[in-house]
Amino acid sequence: MKVFVVGASGAIGSRLVPQLIDAGHQVIGTHRSPSSGERVRALGAKPVALDLLDAGAVHEAVREAEPDGIIHEATALADARFGRNFDRTFAQTNRLRREGTDNLLAAAREEGVSKFVAQSFASMRNARTGGMVKSEDDPLDPDPPATMREASAAMRHLDQAVTAAGGIALRYGGFYGAANDGLIEPVRKRRFPIVGDGGGVFSFIHLEDAAAATVLALDHDGAAIYNITDDEPAPIREWLPVMAEALGAKPPRHVPAWLARLIAGEFAVVLATEARGASNAKAKQELGWTPRHPSWRQGFAEVYGRTDAAKAASRAPTRAKVGRSAH
């Protein structure tokens, strides 16, 4: 199959392209800069420069590529700084999920592309009532925190537009597995505390596992939404100390909800105390997918332990050279 991957040089795209090629697919990958174009080429795909918000350019690129399938992995979070206002951080990504998705779907429809898979998100979206782990059939939060409403609406738009067109929306858990994971520095510097009872539940997914599920989704027929998460949704009070230990950091601080609300805003408190996790049962059953990293417990030790060791090793050569030169 010839596959058009939008966002091929990103965190998941750079894992997805090699897996698609290993599965026998021919890949055309989009990029936004010369350096990312070279990265796409090095991964084994044909690079194509594309502004996803330019409808004409999107249609032309899809027409020239003549793909059998399109995978939409575009975000604008590579250099994002997370703060009190979630929507401000996600403003450009929200546009990509609304306008960019619509542009791709229109091009796919006009060019007769039968397969369409798009990146969605699982965490922080479900209604904050009932059980702490939700399926794809459970209702979404009807009243998200004020600073997350635009992002929630953009993700809802993507889910609905993609499935209405017969495609598949993959609600990924929180990514980990990259050297520049956004959680590394805040956790290492103890800037990510356990707020209140720390009962907010997260669902994680290793980037390689997310890519593997995406390859399988490409071969699945019919509209669907799948949670692509690992087997162990867990509250912050459980996973955060494990991540800190894997990074060689001090244990996370504990902060009362009222203080966190003053410093970080309502969104942070809701996330830390009320968020629901996501079940991956449907994806495992219908896609035949099994994550190689079934739990963040082992995954964090593997990924962040290696990151910490690499950081320590980067300081070692100077001392080693001095020692050798003395002999």
Side-chain angles (χ1 to χ4, degrees), residues 11 77-90 121-126 128 132-133 141 144-148 151-152 172-207 229-278 293 295-315:
L77 299 173
D79 299 311
R81 290 189 175 185
F82 293 87
R84 289 174 63 97
N85 194 317
F86 191 88
D87 282 335
R88 185 178 301 148
T89 301
F90 274 71
F121 192 52
S123 298
M124 303 179 289
R125 297 185 61 194
N126 291 104
R128 290 169 278 139
M132 298 304 292
V133 178
D141 191 344
T147 56
M148 191 186 170
S152 295
Y172 298 119
F175 288 145
Y176 72 95
N180 62 345
D181 282 348
L183 286 175
I184 291 177
E185 286 308 302
V187 174
R188 181 177 278 141
K189 296 178 179 179
R190 304 185 80 197
R191 294 175 180 170
F192 193 138
I194 296 174
V195 175
D197 67 355
V201 175
F202 277 49
S203 286
F204 288 98
I205 188 68
H206 192 289
L207 282 161
T229 61
D230 73 14
D231 294 345
E232 191 176 0
I236 291 177
R237 60 175 176 260
E238 290 187 18
W239 65 258
L240 187 52
V242 174
M243 179 182 289
E245 183 178 5
L247 287 167
K250 293 180 180 179
R253 294 183 170 93
H254 288 255
V255 174
W258 67 266
L259 181 58
R261 188 173 287 108
L262 287 175
I263 297 172
E266 183 65 21
F267 165 73
V269 175
V270 169
L271 171 67
T273 61
E274 300 182 46
R276 265 53 177 176
H293 304 81
S295 171
W296 48 268
R297 293 182 189 275
Q298 294 76 33
F300 287 177
E302 174 189 326
V303 173
Y304 296 122
R306 185 171 62 239
T307 299
D308 195 58
K311 186 173 182 178
S314 70
R315 298 191 295 265

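Along the sequence shown, residues carry numbers from 1.
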For [Y], is there any backbone N or O sitting under 3.5 Å from a side-chain donor or acceptor partner on [X]?
X: Thr273; Y: Gly196; result: no
X: Arg253; Y: Arg190; result: yes
X: Arg276; Y: Glu274; result: yes
X: Arg237; Y: Asp197; result: yes
X: Asp231; Y: Ser295; result: no
X: Thr229; Y: Ala278; result: yes

[X] versus [Y], closest heavy-atom pair with distance:
X: Arg191; Y: Pro193; value: O-CD, 3.4 Å
X: Met132; Y: Val201; value: CE-CG2, 3.7 Å
X: Ser203; Y: Ser123; value: O-OG, 3.6 Å
X: Val195; Y: Ala257; value: CG1-CA, 3.8 Å
X: Val255; Y: Ala260; value: CG1-N, 3.8 Å

Rounded to the nearest 0.5 Å, what's the gap from [atom1] on [X] to [atom2] on [Y]? Could you check?
X: Met148; Y: Glu266; atom1: CE; atom2: CD; value: 13.5 Å
X: Thr147; Y: Arg88; atom1: OG1; atom2: CZ; value: 9.5 Å
X: Asp181; Y: Leu207; atom1: CG; atom2: CG; value: 6.5 Å

Which residue is it: Glu245, Glu238, Glu302? I am looking for the one with a salt bridge (Lys or Arg N to Asp or Glu O under 4.0 Å) to Arg297.
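For Arg297, the salt bridge (Lys or Arg N to Asp or Glu O under 4.0 Å) check succeeds only for Glu238.
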Can you name the salt bridge (Lys or Arg N to Asp or Glu O under 4.0 Å) partners of Lys189, sequence neighbours left out?
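Scan of Lys189 (salt bridge (Lys or Arg N to Asp or Glu O under 4.0 Å), adjacent residues dropped) gives Glu185.
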His206 vs Asp230 side-chain heavy atoms within contact, under 4.5 Å:
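His206 vs Asp230: side chains apart.
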Hey, which of Phe300, Phe175, Tyr172 is the one that makes side-chain contact (heavy atoms from CB on, under 4.5 Å) with Phe204?
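So, applying the side-chain contact (heavy atoms from CB on, under 4.5 Å) to Phe204 and each of Phe300, Phe175, Tyr172, only Phe300 qualifies.
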Applying the ring pair (Phe, Tyr, Trp, His ring centres under 6.0 Å) test to Trp239, which of Tyr304, Phe202, Trp296, Tyr176 qualifies?
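So the option named by the test is Phe202.
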